[in-house]
Protein chains: 2
Amino acid sequence: MTADLQDFLEDIQRVETFEGFQSATEDLRDLLAISHVVYHWVNSVGERFGAGTYSSEWVDRYLEKDYLRMDPVIFGCFQRFTPVNWKQLDWSSKAAKTFFRDALDYGVGNQGYTIPIRGPNGQFALFTLNHTATDEEWDRLISRIQRDLVVVAHEFNKKALAFEAVDENQTTPTLSPRELSAITHIAKGLSRAQAAAELGISEHTLRVYIESARHKLGALNTTHAVARALSMGVIIV
Amino acid sequence: MTADLQDFLEDIQRVETFEGFQSATEDLRDLLAISHVVYHWVNSVGERFGAGTYSSEWVDRYLEKDYLRMDPVIFGCFQRFTPVNWKQLDWSSKAAKTFFRDALDYGVGNQGYTIPIRGPNGQFALFTLNHTATDEEWDRLISRIQRDLVVVAHEFNKKALAFEAVDENQTTPTLSPRELSAITHIAKGLSRAQAAAELGISEHTLRVYIESARHKLGALNTTHAVARALSMGVIIV
DNA sequence: ATTAGGCTCGCTATTTATGGGGAGGCCATA
DNA sequence: TATGGCCTCCCCATAAATAGCGAGCCTAAT
C-alpha cells in the first residue's frame, strides 16, 4: 500500500463526526488528484446516507429526476460482488445515455470506479471514484490502487455504520424456525395451502406463523413481510 | 502488505479449479503458520460451497449436529459488517459452550478471526482464520495482518463466485417503468388500490402491470414476483 | 409504415388472503 | 414455579387477489 493511502486510512479511523467524514472524501479526492470521491448508501426504507464531492446541484438533480431507478452504476453493482469500472457497464438504453450526458453537464467525470459494499440487514452501499480521463489513464490509476481501495471503501462503510449506530437499535426481528420456514415457502411462490402441505401442518397453523412473522417484521401484509424479510436478510429465497 | 501475502494474492488469482481453491486455503495456513483457514458460504437455495483445512470429521459433525443454527460465529457475523475476533462473541448460552468444547475436541483452535462477506442475491460467506494460541499472541498476529486479510477474503470470494458463474446466465427480465413502479409500491406493502391511487391510475390498470411483471419474472403470484424482483436486483425497496 | 410493446380502461367470476376471536400442550429460562 | 415463547388446531366474516375476456391510444424501433 502506498504510504499516503496508509496515512489516509489512519486518519479516517479517527473521524468522529459527519463533517469529518465528508472532508475525508475531499481529502481522498485531493490525495488521488481526481475529480470526485463519493460514498453513499440507500437502505431498505429509502432513507439515504451519503457524503462526497459531487456538487449539491447534481445530487439534487439526481434525486429529483429519480435517477436512482435508471443509473447503470446502481443496477450493475447491485448484481455483482466485485468492483466495477463504469466502462464495463451497460449504457445502451436511452435512459442511461440521457443520464450519462446529464451527469457530464453537472461536472461528473467520464470515468468511474465503484465498489459495492454490503452489510447486515440488507445494507447496500457504494463507494465511487470519479474522474475525467482517457481509458488508458484511468485503467492505469485503478489497477495501481485497486486493492487498497477495497480496504478504504470498507473503512468508509465502517464509519458510516458507526454514525447510524442508532439504527442498529432496530435489531432485526428474530423469527422462530417455523415462522422462517413458513415465510420462506410463501416467498418461493407457494400458496398458503401448498406451504402448509409442505410443512405438514394445517393451513390455519401456517397462517398463524405468517401473521406472527408479519407482526415481527412490522409489515403491512404478507407480500410486504416477504419483501422486508428479504431485504433485511432474514430469509434468502 | 507483507511480500509473502502479496505473492499469495497473485497466486490465488490464477486458481482455476476447486482443487486449486482448496490448496490455496492450505497454502495460506502454512504461510501464516496457523491451525486452520476456512472459506465457506451458504447460497440462496441452501447449497453449500466451501473449502478449508478443518478435518472432514469436524465438518461432518458440524452438519450432522446442525451447529449452523447455534454457532455464535455465524450469528455474530450475520449481524455485523466488520470482521470479528471470536473472543468478542457471546459464548454464554449453554448451546454455544457445548459447541465450543466439541470444536476443541475435533482439533479446532481456541482462537478465531472471521470476516463476513456479502454478495448479490443475499450471498453470505465467511472467511475464517483459526489457531491455538493465547489472547496476546493472537491479537498480535491479527492486528498485523488485519487489513490484508480483508483483501485476501475478497479474493477468495471472487474466486468462489467465479466457480458458481453458471448462475449469472440467468438474465434478468426487463420491466417497463410502470411495471417497476407498480411492483415497487406493492413491495412496499401498499394494496393494489393504494398503489393505483399513488400512481394515479385505475386499480385495474395497476393489476395489468403486476400481472405482466409477474409473467416476465416467471413468478407464481404477486408475492413471488416481489421476492424474485428483489433477489434478482430488479427493484430495490 | 407497419409492428411490437407500452399504457390505459372496463367487465365477471372464482379463489385466496386477511383480521379478529379462542384454546391446549410443550419447553426453557428466569 | 411461573412466565414467556413456540407449536398446533378450530371458527367466522370480510377484503383482496387471480384469471380470463375485450378494446383503444401512443411511442419507438425495424
Side-chain angles (χ1 to χ4, degrees), chain A residues 69-70 92-98 171-229 234, chain B residues 66 69-70 90-99 173-229 234:
Chain A
R69 305 223 168 274
M70 57 190 91
S92 62
S93 84
K94 214 173 84 176
K97 281 174 186 152
T98 313
T171 37
T172 330
T174 316
L175 303 195
S176 76
R178 282 310 226 185
E179 286 163 354
L180 279 177
S181 311
I183 201 166
T184 302
H185 279 109
I186 295 298
K188 283 181 178 160
L190 303 188
S191 70
R192 284 176 169 182
Q194 292 171 319
E198 200 72 31
L199 293 173
I201 55 179
S202 81
E203 190 189 329
H204 298 197
T205 304
L206 184 117
R207 256 171 61 191
V208 176
Y209 294 142
I210 298 294
E211 282 295 287
S212 150
R214 208 185 90 223
H215 282 119
K216 285 184 181 176
L217 290 160
L220 297 164
N221 53 45
T222 303
T223 301
H224 193 205
V226 166
R228 284 182 67 87
V234 174
Chain B
D66 203 21
R69 302 221 171 272
M70 57 189 92
D90 175 20
W91 295 91
S92 61
S93 85
K94 214 172 81 178
K97 280 174 186 153
T98 314
F99 163 69
T174 317
L175 301 194
S176 78
R178 282 310 228 186
E179 286 163 355
L180 279 177
S181 310
I183 202 167
T184 302
H185 279 110
I186 296 298
K188 282 180 177 160
L190 304 188
S191 70
R192 284 176 171 181
Q194 291 172 319
E198 200 72 30
L199 293 173
I201 56 178
S202 80
E203 188 189 332
H204 192 91
T205 304
L206 184 118
R207 223 188 287 173
V208 176
Y209 295 141
I210 298 295
E211 283 294 287
S212 153
R214 207 184 91 219
H215 284 118
K216 285 185 181 175
L217 291 160
L220 297 163
N221 52 46
T222 303
T223 301
H224 192 205
V226 167
R228 285 182 66 89
V234 174

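So you know, we letter chains A, B, ... as the sequences are listed, proteins then strands, and number each from 1.
- Note: A:R228 CZ to A:I183 CD1 = 11.0 Å, rounded to the nearest 0.5 Å.
- B:A182 and B:L206 get closest at one heavy-atom pair: CB-CD1, 4.2 Å.
- Nucleic acid contact for A:T205: base, since at least one base atom lies under 4.0 Å from a heavy atom of the residue.
- Atom P of nucleotide C:dG24 and atom NE2 of A:H204 are separated by 19 Å, given to the nearest angstrom.
- The nearest whole Å value for the distance from the CG atom in A:L206 to the C1' atom in C:dA17 is 12 Å.
- For DNA chain D, the contact window with chain B, defined by any atom under 4.0 Å from a protein heavy atom, covers D:dA17 to D:dG20 in 5' to 3' order.
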Open item on the list: Apply side chain to side chain contact (heavy atoms under 4.5 Å, CB included) to residues B:V234 and B:L180 and explain how you reach the verdict.
Closed with: CA-CA 8 Å; B:V234 174; B:L180 279 177; 3.8 Å; yes

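- Checking C:dG6, C:dT8, C:dG19 against the side-chain heavy atoms of B:S176 singles out C:dG6 as nearest.
- Following rounding to the nearest Å, B:R192 (CZ) and C:dA17 (P) show an atom-to-atom distance of 13 Å.
- Rounding to whole angstrom units, CD of residue B:E211 and P of C:dT8 are separated by 17 Å.
- For the pair B:L220 CG and C:dT15 C1', the interatomic distance rounds to 15 Å; values are reported in whole Å.
- For A:E203, taking side-chain heavy atoms from C-beta onward, the closest of the listed nucleotides C:dG20, C:dA17, C:dC9 is C:dA17.
- Here A:Y209 contributes atom OH and A:I201 contributes atom CD1; the two are 5.0 Å apart, rounded to the nearest 0.5 Å.
- With B:S212 contributing its side chain and B:V208 its backbone, the two residues share no donor-acceptor pair below 3.5 Å.
- The shortest distance between side-chain heavy atoms of B:H224 and B:N221 falls below 4.5 Å.
- Atom CZ in A:R214 sits about 13 Å away from atom P in C:dA17, given to the nearest Å.
- The 5' end of DNA chain C is approached more closely, in terms of each residue's nearest nucleotide, by B:L175 than by the other of B:L175 and B:S202.
- Under 4.0 angstrom from either OP1 or OP2 of C:dG5 there lies no side-chain N or O belonging to B:K216.
- Nearest to the side-chain atoms of B:R207 among the listed nucleotides C:dT12, C:dG6, C:dT8 stands C:dT12.
- Residue A:S212 is classed as having no contact, given no heavy-atom separation below 4.0 Å to the nucleic acid.
- Between the CG atom in A:L190 and the OG1 atom in B:T223 there is a gap of 11.0 Å [rounded to 0.5 Å].
- When each of B:V208 and B:N221 is assigned the nucleotide of DNA chain D with its nearest heavy atom, B:N221 is the one assigned upstream, toward the 5' end.
- In this structure, B:Y209 reaches the C:dT8 phosphate: one of its side-chain N or O atoms is under 4.0 Å from OP1 or OP2.
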